[in-house]
Chemist: 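Following this message is one structure expressed as structure tokens.
In this chain, residues are counted from 1 in sequence order. Only this structure's heavy atoms are used, side chains among them; waters, hydrogens and symmetry mates stay out.
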Amino acid sequence: MKLGKENKKRLGIFFFYDEDGIVDDYVIYLLENMEKFTSHNIVVCNGVLSESGRKRFEQLSHTDILVRENIGFDVWAYKTALEYYGWDEIDTYDEIILYNFTIMGPVESFDLMFEEMDQEDVDFWGITVHHGADFDPFGTMKDGKLPLHIQSHFIAVRHSMIISDAFHDYWDKHAMIHSYNEAVGLHEAIFTGIFEELGYRWKVYVDTSDLREDTYYPLFNMPVDLIRNRKCPIFKRKLFINDFEGTIQENANLSARELLVYLQKETNYNTDMIWEHLLRSANMHNLVSGLNLRYIVDEDIANEKKCENKRTAFFVSTANWKDYFINYMQRLQNVPVNYPIYILVTQEKIGIIARKMLENYKEVHVAVTNKNLFETFGEAMKAYDYICILGEKRKQTVEKKMSPYTNVLAGQELTMRSMCESKNYIQNIEKTFENNKFLGMLSACFPVHANYYSGALADWKKNFKMVKQVAQKEHYHVHLDKEKPLAVAFDNSCWIRGEILKKYLERRKEILRNLEEKEGRIWPYVMPLLVQNCGYLATNVLPKAVAENLLNSFYQYTFIIDKQYRRPNKNYLQVLSDRAVIEVTSEIYYDSGDGFDIKNVKTLKTYINPFEKKKVVFQIKVPEKVKYIRFDPCEGFMCICTNVTVKQRGINLYNVNGIHSGKEDLFLTKDPQYILDGDFRDITTLKIEMDNMSVFWNENGFQKEIDSFYKQREELVSSIEYLK
């Protein structure tokens, strides 16, 4: 069926979700560009919708707004919209478009896409396809494979298919969706195949058939190619903040950054909309890692001139410099002579030395006090646009176990070099702020040598409770994760915009009073929270030479560990076996006749060793009137369950989504499931036994689990790969 006629009657159904109900500019831009191609629209919001968000949607023409409970994901949002109008009304449309907030665009416009697709003789169409896979990453496909399919972020259905009983039944009888995996496995991945088998013709606007052998997911892995060479008008929001461990399985993590640069330099798309949305809504760790946003600044190339109309100052505490005072003061002499320097010392004789070493500087302020920088120079800080803080050298937890002490000195030197490597470097940091209006704070990278390795995560976890308290008490709109550290001010040092630091100075007394903590412990963690809450990015900076060294260090670690694990005189397998105790969570769901109650999940904790065979026993309580029980043995892992038995007679156990072979059930999904049925009337407790349960890693659970029992992460990443 072609849509060549004028005055087409087209309904746009847009699914929207935001945790806080805020409608950002990219959403409105997308909808405004779709308006010219639709005669009527409906926005279905799952969860909450802010008052300002509703007003923004209400400004769109011919648009209804539905706010519903956040259940059923996009599938139930579309189903709700169809039911809202009813089939009598829906059947009058030439075309309906189901699309959602997970896409951004258009890069230029939708004009060419609709012009071309209106002439295609199809029953339904989309913008992009997923090429499918010979495995099931979601654990919800009946045959264990992911088929080729139109991606559900944009599917258009024409009148010939809209009016069919098959299309009506698909939505009227669709099973409830309880998880993202089900949304893919029970809708997105199968929608195309279901209607293709019924004889309906389909096509996508962006042809990627030549990439079938290169990538499963062209829009995610090759977005620039699709936009530049294949006229793709959209890109995925998630690309910029995807979990790093998942991304690195499919590409070298260059796609997101390349796309952002391409959009900025080669298109008319306003990338400020991307920044504003992500800085408000994303986890900062995901944003920094997904977009490779750690800045490497050249210290050799001088800027032609200092940033105009911008004032920069250095605020330095020498409180814990001790025997290395002269060394650090010599490093401080990298500051250009026309920059103000404020120095806090604890003894007058140290102040005399400081003044002498900086006698060529135009403006030097020395304070002899036991107070900290903010108490001493807080008012002065408010006068500057860019501020470099060199704080007290704080002893890290990992440093207590270090020998020799040169390891600690090397870590402190990394901070000093990252803050003030050279005069040119300092001026280039200023230019970095000038050229990146969303950049708010730069701190040194956490060292990776000796015991520092993995220290960033350990330090973050240790202080996470305090970080979360600050965010809650100060009402900071930030998304925190205990497993994802932010770029805190390592060694109490950082570069920061003055307007942000001023906000901290205005609230510092209340923050200290609320947490009853020492300021030197709090502020390095408060800063990145405050930075994001102000709509800016907090990340790391390092000089080019240091970056080259870190890259070399990571590569050499790989070779060293690889070599160590192949030495016959070292029993690393025994070391692994001694340490590797994993906490596994099993989940229990009950069905009393109305389907499984997903909201009332029961959990069991089991501790297993992945390197030894051991019997596992599960005790499951049985409520009254239960008809079916769903047992998920190890949530978050793929696994093999050996010789699974139920001790009560008359109770049957079925493998739902695994492969059964002999006495073993193999689950190639992180959501393995069994179903139990039978006569539960006289049973209060079920006992399920396994001769062994072997769990193995998947890309989503790897880092979180190994961090809990491995002392040095890089050592065990290599070992697990070797064992595979």
Side-chain angles (χ1 to χ4, degrees), residues 15 17 19 44-48 66-80 83 136 138-142 170-190 583-606 616-639 641 644 646-648 650-658 665 667 669-690 693 700-701:
F15 161 55
Y17 171 77
E19 182 178 341
V44 185
C45 173
N46 279 11
V48 296
L66 284 179
V67 181
R68 58 182 298 276
E69 186 180 0
N70 185 26
I71 59 172
F73 290 77
D74 58 337
V75 185
W76 236 247
Y78 299 141
K79 177 179 168 66
T80 301
E83 291 173 346
D136 176 12
F138 304 102
T140 51
M141 305 305 302
K142 290 182 179 180
Y170 178 86
W171 292 105
D172 289 342
K173 300 177 181 179
H174 206 292
M176 172 52 78
I177 301 297
H178 303 102
S179 66
Y180 172 76
N181 288 353
E182 288 187 358
V184 176
L186 302 181
H187 171 62
E188 177 174 357
I190 63 174
E583 181 183 271
V584 173
T585 300
S586 304
E587 294 186 343
I588 318 298
Y589 301 89
Y590 300 103
D591 178 1
S592 299
D594 298 319
F596 288 110
D597 185 0
I598 301 301
K599 294 182 179 180
N600 188 25
V601 58
K602 305 297 181 183
T603 59
L604 298 173
K605 300 291 185 182
T606 306
V616 185
V617 179
F618 302 91
Q619 300 276 1
I620 299 175
K621 293 183 178 180
V622 181
E624 294 182 358
K625 300 181 181 180
V626 69
K627 294 186 176 181
Y628 301 96
I629 298 175
R630 180 178 132 189
F631 170 56
D632 299 359
C634 53
E635 196 69 20
F637 292 93
M638 294 182 279
C639 68
C641 299
V644 185
V646 182
K647 290 305 175 182
Q648 281 80 357
I651 303 300
N652 305 307
L653 181 140
Y654 305 96
N655 175 334
V656 175
N657 57 355
D665 293 317
F667 295 93
T669 168
K670 61 180 182 179
D671 188 27
Q673 299 175 17
Y674 288 100
I675 296 292
L676 297 98
D677 70 3
D679 187 354
F680 296 105
R681 284 178 296 179
D682 298 323
I683 301 174
T684 57
T685 303
L686 274 176
K687 181 185 287 188
I688 299 176
E689 295 184 358
M690 302 180 187
M693 182 166 66
N700 295 316

Chemist: Report the residues that fulfil side-chain contact (heavy atoms from CB on, under 4.5 Å) with V48, sequence neighbours left out, ordered by chain and then residue number.
Modeler: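 Scan of V48 (side-chain contact (heavy atoms from CB on, under 4.5 Å), adjacent residues dropped) gives none.
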
Chemist: Out of I675, V644, D677, which residue meets the side chain to side chain contact (heavy atoms under 4.5 Å, CB included) rule with L653?
Modeler: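 The side chain to side chain contact (heavy atoms under 4.5 Å, CB included) with L653 is passed solely by V644 among I675, V644, D677.
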
Chemist: Apply ring-ring contact (aromatic ring centres under 6.0 Å, His included) to Y674 and list each qualifying residue two or more places apart in sequence or on a separate chain.
Modeler: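 For Y674, the residues satisfying ring-ring contact (aromatic ring centres under 6.0 Å, His included) (neighbours in sequence not counted) are F667.
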
Chemist: Measuring from atom CG of D591 to atom CG of D597, what distance do you get when rounded to the nearest 0.5 angstrom?
Modeler: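 Reported value, rounded in 0.5 Å steps: 9.0 Å.
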
Chemist: With sequence neighbours left out, what residues match S586 under side-chain hydrogen bond (donor to acceptor under 3.5 Å, both in side chains)?
Modeler: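 Not a single residue meets the side-chain hydrogen bond (donor to acceptor under 3.5 Å, both in side chains) criterion with S586.
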
Chemist: Counting heavy atoms not belonging to D594, are there more than 12 under 6.0 Å from its CG?
Modeler: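 It does not: D594 CG has 12 such atoms or fewer within range.
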
Chemist: Would you tabulate the side-chain donor-acceptor contacts of residues 625-635 under 3.5 Å, counting partners in other chains and residues two or more places apart, or write 'none'?
Modeler:
residue : atom : partner : partner atom : Å
R630    : NE   : D632    : OD1          : 3.0
R630    : NE   : D632    : OD2          : 3.3
R630    : NH2  : D632    : OD2          : 2.8

Chemist: With a 3.5 Å cut-off and no angle check, do the side chains of Y170 and H187 form a donor-acceptor pair?
Modeler: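 A pair is found: one side chain offers a donor N or O, the other an acceptor, under 3.5 Å apart.
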
Chemist: I'd like to check the salt bridge (Lys or Arg N to Asp or Glu O under 4.0 Å) partners of E83; sequence neighbours left out, ordered by chain and number.
Modeler: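 Result, salt bridge (Lys or Arg N to Asp or Glu O under 4.0 Å) vs E83: K79.
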
Chemist: Could you check whether K602 pairs with E587 (Lys NZ or Arg NE/NH1/NH2 to Asp/Glu carboxylate O, under 4.0 Å)?
Modeler: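 No salt bridge links K602 with E587.
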
Chemist: Run the side-chain hydrogen bond (donor to acceptor under 3.5 Å, both in side chains) test against D682 and tell me which residues pass, sequence neighbours left out.
Modeler: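 D682 satisfies side-chain hydrogen bond (donor to acceptor under 3.5 Å, both in side chains) with no residue once adjacent residues are dropped.
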
Chemist: Between CZ of F680 and OH of Y590, what distance do you get to the nearest 0.5 Å?
Modeler: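 Separation between the atoms: 9.5 Å.
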
Chemist: Quick one: list whatever passes salt bridge (Lys or Arg N to Asp or Glu O under 4.0 Å) with K142, sequence neighbours left out.
Modeler: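 Scan of K142 (salt bridge (Lys or Arg N to Asp or Glu O under 4.0 Å), adjacent residues dropped) gives none.
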
Chemist: Within this structure, what is the CE-CZ distance for the pair M693 and F637, rounded to the nearest 0.5 Å?
Modeler: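 It comes to 9.0 Å.
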
Chemist: Please enumerate all residues that pass salt bridge (Lys or Arg N to Asp or Glu O under 4.0 Å) together with E624, with sequence neighbours excluded.
Modeler: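 Not a single residue meets the salt bridge (Lys or Arg N to Asp or Glu O under 4.0 Å) criterion with E624.
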
Chemist: Not counting sequence neighbours, which residues clear ring-ring contact (aromatic ring centres under 6.0 Å, His included) with F73? List them please.
Modeler: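 Checked F73 against ring-ring contact (aromatic ring centres under 6.0 Å, His included); zero matches.
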
Chemist: Restricting to side-chain hydrogen bond (donor to acceptor under 3.5 Å, both in side chains), what partner residues turn up for N46, sequence neighbours left out?
Modeler: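 Per chain and number, N46 pairs via side-chain hydrogen bond (donor to acceptor under 3.5 Å, both in side chains) with R68.
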
Chemist: Apply side-chain hydrogen bond (donor to acceptor under 3.5 Å, both in side chains) to D172 and list each qualifying residue two or more places apart in sequence or on a separate chain.
Modeler: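 Result, side-chain hydrogen bond (donor to acceptor under 3.5 Å, both in side chains) vs D172: W87.
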
Chemist: Which atoms form the tightest heavy-atom contact between D74 and A183, and what is the distance?
Modeler: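 Where D74 meets A183 most closely, the heavy atoms are OD1-CB, 4.1 Å.
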
Chemist: Just by distance, with hydrogens left out, do K621 and T684 show a side-chain donor and acceptor under 3.5 Å apart?
Modeler: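 No, no side-chain donor-acceptor pair sits under 3.5 Å.
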
Chemist: So does V184 get a backbone contact from the side chain of N181, meaning a donor-acceptor N/O pair under 3.5 Å?
Modeler: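 Here the side-chain-to-backbone pair does not exist.
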
Chemist: Only counting residues at least two apart or in another chain, list the ones meeting salt bridge (Lys or Arg N to Asp or Glu O under 4.0 Å) with K599.
Modeler: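 K599 satisfies salt bridge (Lys or Arg N to Asp or Glu O under 4.0 Å) with E69 once adjacent residues are dropped.
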
Chemist: Can you confirm whether the side chains of E182 and Y180 place a donor and an acceptor under 3.5 Å from each other?
Modeler: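 Result is no, nothing qualifies.
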
Chemist: Measure the spacing between CG of N657 and OG1 of T669 and express it to the nearest 0.5 Å.
Modeler: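 OG1 of T669 is found 5.5 Å from CG of N657.
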
Chemist: What closest approach, in Å, do M141 and D136 show between heavy atoms, and which atom pair accounts for it?
Modeler: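 The pair with the smallest heavy-atom distance is N-OD2, 2.8 Å.
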
Chemist: Between I688 and I620, is there a side-chain heavy-atom distance shorter than 4.5 Å?
Modeler: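 A side-chain contact exists here, since the closest heavy-atom pair is under 4.5 Å.
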
